[in-house]
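Heavy-atom basis, side chains included; hydrogens, waters and symmetry copies ignored. Here is how names work: the chains are called A, B, and so on, in the same order as the sequence lines, proteins then strands, and each is numbered from 1. Being a predicted model, the structure only gives us computed values, none of them experimental.
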2 protein chains.
Amino acid sequence: MSNQDNRPLTLRDVSEASGVSEMTVSRVLRNRGDVSDATRARVLASAKELGYVPNKIAGALASSRVNLVAVIIPSLSNLVFPEVMTGISDALDDTGLQPVVGVTGYSREKEEKVLYEMLSWRPSGVIIAGLEHSEASRAMLKASGIPVVEIMDVDGTPVDSVVGISHRRAGEQMAREILRSGYQRIGFLGTKMPRDHRARKRFEGFTEALAKAGVEIADQEFYEGGSALIKGREMTQDILKRDPELDFLYYSNDMIGAGGLLWLHEQGVDIPGQMGLAGFNGLNLLKGLPRQLATMDACRNEIGRRAAEIISARVADDADPSPVRIALEPTISYGDTLRRP
Amino acid sequence: MSNQDNRPLTLRDVSEASGVSEMTVSRVLRNRGDVSDATRARVLASAKELGYVPNKIAGALASSRVNLVAVIIPSLSNLVFPEVMTGISDALDDTGLQPVVGVTGYSREKEEKVLYEMLSWRPSGVIIAGLEHSEASRAMLKASGIPVVEIMDVDGTPVDSVVGISHRRAGEQMAREILRSGYQRIGFLGTKMPRDHRARKRFEGFTEALAKAGVEIADQEFYEGGSALIKGREMTQDILKRDPELDFLYYSNDMIGAGGLLWLHEQGVDIPGQMGLAGFNGLNLLKGLPRQLATMDACRNEIGRRAAEIISARVADDADPSPVRIALEPTISYGDTLRRP
DNA sequence: TTGAAAGCGCTAACAC
DNA sequence: GTGTTAGCGCTTTCAA
């Protein structure tokens, strides 16, 4: 079944076993060109019997075609990215392209390294989260000559194509809804944002929209690390101790929002009457909580799908190098924690 | 900065720009062999200026060394696997090895395809979830001649090395704890298990340990798809409607357990007095719920780390082909939903 | 310390 | 339909 020594099998082995030239074997294995049914059958039988697995490294070098799409994201533990990955995988299925994931840990230096590493495999395209990269990273992306899609965020200048939502507008929109619903004394709870540019942009959009209406954030609270659910509880407790007059809490993500919601619920606070709440993301993980948190859908799956489609379209027809810009519209869901105006 | 036409840069370009042979450029870029400081500086400057990114495909073909480790898992949305990935990434950092993820969607056929695809890149090792694979997959793994580590589960016959816990024993242990705490009428709630072998093994271990004590599962309920939190609520409601006499519910994972817990909590059920609950996994996502669900830690991070260490040890010293078997001991945490005996 | 030649395993391009 | 030849861009090996 297997070969005696540990030398991996080559086309040549299959060629000898089946009595056909290497070239014909190659054609059979790739379903290319005309091969008689008899030959095809013979080759496939030999390949299977030997347990031959083609060497894509050699194939890629010879054909300068690599069916990989580099996907570069900050983290896998942040629920959001697995969902994007799902969209990408689904869209890439049956295109012959394969996603390869690299994780940056929200660090620009790590991103640069991961990108360099991935580009050195000469992928057919790159999907990368965010618009903020080091100069070197941007230079590499531009010089690579392959399609690049930046995802999640559209507030900024992309290298090539971009698919995402405007986090700034998402923040603005939520601020307007909150005001429209009659809340007045608004607190903000979120992550420390030195690196999470999207959270920062939402925050900026939020405060600016409030400012336009003459409202200022009454208080704010930031966290880092730890279980988001617990942090949400703790921060909510803290901010309300400091400022019991708050009538709305805007959380920068649904997990801390859920923590706050659970705590307030236990305290018997009237939601959304006495206190309104909203988060961000629409994690359907959270369906099943005692009440549904108001939130905004970040279109994660669709972002992944559209980005992958852009890449595969470019690969199929590289005569179309015009950058695409897709700004999706997140939809607000009121849940049970935001008074309908 | 970049080249005029779209031809990717090669060693030759750097060689010409720096006036040194390709071979010397190659040595500089890989930090191999003796190169004078002057030459090194000149080469690095040229490479940087041109924006040269080495072609690993050619490098791998020439050296037959590939610094990739294939990681094959069923899913990314199941919280569990990102945690394993984190363990793997951490252990692989600074070894020069890079994990590459493939996702099977719990399907053997897909697993076979993904494995074939990954092996065709001639990785330095394979980490693959579970012990149940198609015959063809097992054959490929054996024939590959590279280190293979099967993870998560140790109940079965590995191809090579294995790192995990015994899910059968985990089920048994939980059954014993429940009986020891004095619960008598026990219900089981879980996923439909045609493909989740680990959930199945826990279930089997659980029922067998009960049987040994002369106890039978009083009722059971299975689900598939949808938000686990909601499913947990619904299933709990359903099973108790059918059988209100139950005094313990064992859930096959913490998410449905949390759903059940929330619902029972809302109904004012006395937990763990009137009703005991336990899940499986120790997702620290869930810290912050009104009460802490009893559960068992599946050692996910450590599994990833240990598996990666096995691979990197083999790569560093391939004179050590003896398979390793690591069975970790999951620890039970009582939380607030299992009476201490 | 540096360079030249050969070849990794495959496929493009062309010949038959 | 099938085979032959010439590389793909690197690294190994050996010579200088």
Side-chain angles (χ1 to χ4, degrees), chain A residues 3 5-44 46-47 50 52-67 96 117 119-124 144-145, chain B residues 3 5-44 46-47 50 52-67 96 117 119-124 144-145:
Chain A
N3 50 335
D5 57 67
N6 243 345
R7 176 182 58 79
L9 295 162
T10 69
L11 264 191
R12 164 170 229 121
D13 296 303
V14 183
S15 161
E16 282 168 2
S18 59
V20 198
S21 75
E22 290 184 36
M23 198 52 232
T24 300
V25 174
S26 166
R27 281 195 268 254
V28 171
L29 265 24
R30 286 176 299 143
N31 289 310
R32 280 280 158 70
D34 294 325
V35 181
S36 73
D37 287 352
T39 312
R40 170 181 310 281
R42 210 137 41 89
V43 168
L44 288 175
S46 303
L50 293 170
Y52 173 69
V53 176
N55 185 331
K56 288 223 179 197
I57 297 178
L61 184 61
S63 64
S64 49
R65 253 192 293 276
V66 179
N67 68 340
E117 182 77 15
L119 287 180
S120 72
W121 287 100
R122 301 291 187 265
S124 293
S144 70
Chain B
N3 49 335
D5 57 68
N6 244 346
R7 176 181 58 78
L9 295 162
T10 69
L11 265 191
R12 164 170 229 122
D13 295 302
V14 183
S15 160
E16 282 168 2
S18 60
V20 199
S21 76
E22 289 186 36
M23 198 49 236
T24 301
V25 174
S26 167
R27 281 195 269 253
V28 171
L29 265 23
R30 285 177 299 142
N31 289 310
R32 280 279 158 70
D34 293 324
V35 181
S36 74
D37 286 354
T39 312
R40 169 181 311 281
R42 211 137 41 90
V43 169
L44 287 175
S46 302
L50 292 171
Y52 172 69
V53 176
N55 185 331
K56 288 224 180 197
I57 296 177
L61 183 60
S63 65
S64 50
R65 254 191 294 275
V66 179
N67 68 340
E117 182 76 15
L119 287 179
S120 72
W121 287 99
R122 301 290 187 265
S124 293
S144 70

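In this structure, R32(A) atom CZ and dC14(C) atom P are separated by 17 Å, rounded to whole Å. Following rounding to the nearest Å, I57(B) (CD1) and dG7(D) (C1') show an atom-to-atom distance of 16 Å. Regarding L9(A), its CG atom lies at a distance of 15 Å from the C1' atom of dC10(C), rounded to whole Å. Put simply, CG on N67(A) is 12 Å from P on dT11(C), counting in whole angstrom units. Rounding to whole angstrom units, CZ of residue R12(B) and P of dG9(D) are separated by 10 Å. In this structure, L61(B) atom CG and dG9(C) atom P are separated by 7 Å, rounded to whole Å. We find that NZ of K56(B) is positioned 20 Å from P of dG9(C), with the value rounded to whole Å. A straight line from CH2 of W121(B) to P of dC8(C) spans 19 Å, rounded to a whole angstrom.
When each of dC10(D), dT2(D), dC10(C) is scored by its nearest atom to the side-chain atoms of A58(B), the top-ranked nucleotide is dC10(D). Residue D34(B) has its side chain nearest to dT1(C) when only dT11(D), dT1(C), dT11(C) are considered. Taking only side-chain atoms of Y52(A), from C-beta outward, the nucleotide of dT2(D), dG3(D), dC10(C) with the closest atom is dC10(C). Of the candidate nucleotides dA4(C), dT2(D), dA12(C), dA12(C) has the atom nearest to the side chain of R65(A). Out of dC10(C), dT4(D), dC10(D), the shortest distance to the side chain of A62(A) is found at dC10(C). Side-chain proximity of E22(B) to dG3(C), dC10(D), dG7(D): nearest is dC10(D).
Listed for the S63(A) side chain is a donor-acceptor partner under 3.5 Å among the backbone atoms of G59(A). Remark: side-chain polar atoms of S15(B) are not paired, donor with acceptor, to backbone N or O of L11(B) under 3.5 angstrom.
Side-chain N/O atoms of T39(B) include none lying less than 4.0 angstrom from OP1 or OP2 on dT1(C). Considering only side-chain N and O atoms, S63(B) lies nowhere under 4.0 angstrom from the phosphate OP1 or OP2 of dT11(D). For the pair S26(B) and dT11(D), the criterion of a side-chain N or O lying under 4.0 Å from OP1 or OP2 is met. Between S36(A) and dT2(D), a side-chain N or O to OP1/OP2 separation shorter than 4.0 Å is present. Contact annotation: R27(B) does not reach the phosphate of dT1(C) (side-chain N/O to OP1 or OP2, under 4.0 Å). For the pair T24(B) and dT2(C), the criterion of a side-chain N or O lying under 4.0 Å from OP1 or OP2 is not met. Between R30(B) and dT12(D) there is a side-chain polar atom (N or O) within less than 4.0 angstrom of OP1 or OP2.
Heavy atoms of S64(A) sit nowhere under 4.0 angstrom from any nucleic acid atom. As judged by a 4.0 angstrom heavy-atom cut-off over every strand, N55(A) is placed among residues touching the sugar-phosphate backbone only.
Between V66(A) and W121(B), the closest side-chain pair of non-hydrogen atoms falls below 4.5 Å.
For the pair R122(B) and M23(B), both in contact range of DNA chain C, the more 5′-proximal nearest nucleotide belongs to M23(B).
Other residues, nucleotides and ligands contribute only 12 or fewer heavy atoms inside 6.0 Å of the CZ atom of R12(A).
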- Message: Run R27(B) and D34(B) through salt bridge (charged side-chain N to carboxylate O under 4.0 Å, His left out) and show every step you take.
- Response: CA-CA 8 Å; R27(B) 281 195 269 253; D34(B) 293 324; over 6 Å; no

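For the 3.5 Å distance criterion, the side chains of S36(A) and R40(A) fail to qualify, holding no donor opposite an acceptor.
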